[in-house]
Engineer: 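Next up is a structure, given as structure tokens.
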Amino acid sequence: MNILVVGGAGFIGSHMVKRLLVDHHNVIVIDNLSKGFRDAVLCDSFFEVDIIDKVATGKVFANHSIDVVFHFASFIEVGESVKFPEKYFKNNFEATRSLLDIMVQFQVKQFVFSSTAAVFGNPEYSPIDEAHPKHPINPYGESKLMVEKMLEEFDKEYGLKSVSLRYFNAAGADPQGELGERHNPETHLIPLVLQAASGRRDAISIFGDDYDTPDGTCIRDYIHITDLADAHIRAIEYLRKGNQSAAFNLGNGKGFSVREIIDAAENVTNKKIPIRLHGRRAGDPATLVADAKLANKVLGWKPEFTNIRDIIQHAWNWENKFPW
Ligand code: UDP
């Protein structure tokens with residue numbers, strides 16, 4: 001198949017491209033390189049384009065017979081989204097609308113969307129299944145929920161079929177060590193903890209230890225990047241069989257607190273990791289853990305790397321390759 005990966009130079013997108021190449025698909029990448037890295041794109045067809053630019057995006061569609069679009073290009077920092085909401089609504093919502101318009105124009109009808117656990121807001125129960133109420137508590141989650149709603153309307157109106165995959169916390173790195181997490185600035189817990197372990201950073205800040213959790217720090221469900229890529233392959237198989245548009249939660253179903261992650265990282269790296277206590281970060285729910293039973297039942301998806309040590313080990317192997 002001819003698969004367009006929007007945001008293929010980023011963390012999840014680049015791992016996705018690798019998996020699609022292994023599966024012998026023809027992969028085309030669009031990325032504006034605002035966050036991604038050109039050298040993380042493992043396929044030949046690369047276009048430095050911002051999808052808000054309909055003319056440039058349309059050219060890519062006109063020159064390739066695209067069967068399916070994967071969309072990973074978005075801003076992902078909860079804290080930043082609280083400070084600069086307009087950035088998030090423009091890049092995550094408006095740019096996606098622009099991409100969908102082009103898909104309708106070129107009659108490309110299959111779309112896999114990177115959504116997020118942040119669409120749910122504060123959990124009313126845990127683990128969180130797909131039926132859980134959706135009340136985002138930050139503009140990041142709101143912008144993603146707006147896209148999910150837009151996708152429902154594009155299905156009704158234009159027959160555009162989509163799967164929204166709500167990632168909990170994407171983590172880890174390519175087990176072969178070719179790719180990994182490279183955000184600039186880095187804001188995610190596991191890479192930051194590992195930078196503190198390697199000495200690239202003097203300490204890890206814990207954002208709040210007064211949450212209603214056993215050790216007071218936030219609990220998240222960390223899911224290995226290659227397991228996420230596998231869910232996307234299954235999402236496409238699902239759509240190609242003519243199934244209805246759907247949304248699935250993706251996680252391991254097991255939560256780890258910030259302190260547990262630091263302990264596990266000390267164990268994997270065999271280093272003492274200096275800690276600094278910090279106030280809460282705006283927009284953070286105390287606990288986010290996935291109930292991914294639906295993805296298992298409908299897509300046959302089962303994560304391979306369920307052990308947090310493996311996730312941290314692969315990220316540590318990548319950290320040790322710095323500067324990549
Ligand atoms: N976190 C932290 N220190 C950091 C970065 C993150 O304590 O330097 C916490 C953050 O508040 C959250 C958890 O680690 O509770 C995971 O945050 P991350 O940014 O990795 O992912 P998010 O949950 O925002 O998608």
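Both ligands and their constituent atoms are indexed starting at 1 by order of listing. Quick note: numbers below take in every heavy atom, side chains included, and nothing from hydrogens, waters or symmetry partners.
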Engineer: Cation over ring, Lys35 on Phe75, under 6.0 Å and within 45°?
Structural biologist: yes
Engineer: Output yes when the distance from some N or O of ligand 1 to some N or O of Leu189 is under 3.5 Å, and no in every other case.
Structural biologist: yes
Engineer: List the residues meeting side-chain contact (heavy atoms from CB on, under 4.5 Å) with Ala56, not counting sequence neighbours, and say none if there are none.
Structural biologist: Val49, Asp53
Engineer: Using 30° and 60° as the class limits, which term best fits the ring planes of Tyr238 and Phe248: parallel, tilted or perpendicular?
Structural biologist: perpendicular
Engineer: Apply side-chain contact (heavy atoms from CB on, under 4.5 Å) to Arg280 and list each qualifying residue two or more places apart in sequence or on a separate chain.
Structural biologist: Asp210, Tyr211
Engineer: Yes or no: does Tyr222 have any heavy atom under 4.0 Å from an atom of ligand 1?
Structural biologist: yes
Engineer: Can you list the ligand 1 atoms lying under 4.0 Å from a non-hydrogen atom of Ile206?
Structural biologist: 7 (O)
Engineer: Cut-off 3.5 Å, side chains only: do Gln176 and Lys18 have a donor facing an acceptor?
Structural biologist: yes
Engineer: Hey, looking at atom 24 (O) of ligand 1, which of Arg281, Arg220, Glu77 has the closest heavy atom?
Structural biologist: Arg281
Engineer: When you compare ligand 1 with His188, is there at least one nitrogen or oxygen pair between them that comes in under 3.5 angstrom?
Structural biologist: no
Engineer: What about Ile204: any of its N or O atoms under 3.5 Å from an N or O on ligand 1?
Structural biologist: no
Engineer: Heavy-atom distances under 4.0 Å are what count here, so tell me which part of Ile76 touches ligand 1: side chain, backbone, both or neither.
Structural biologist: neither
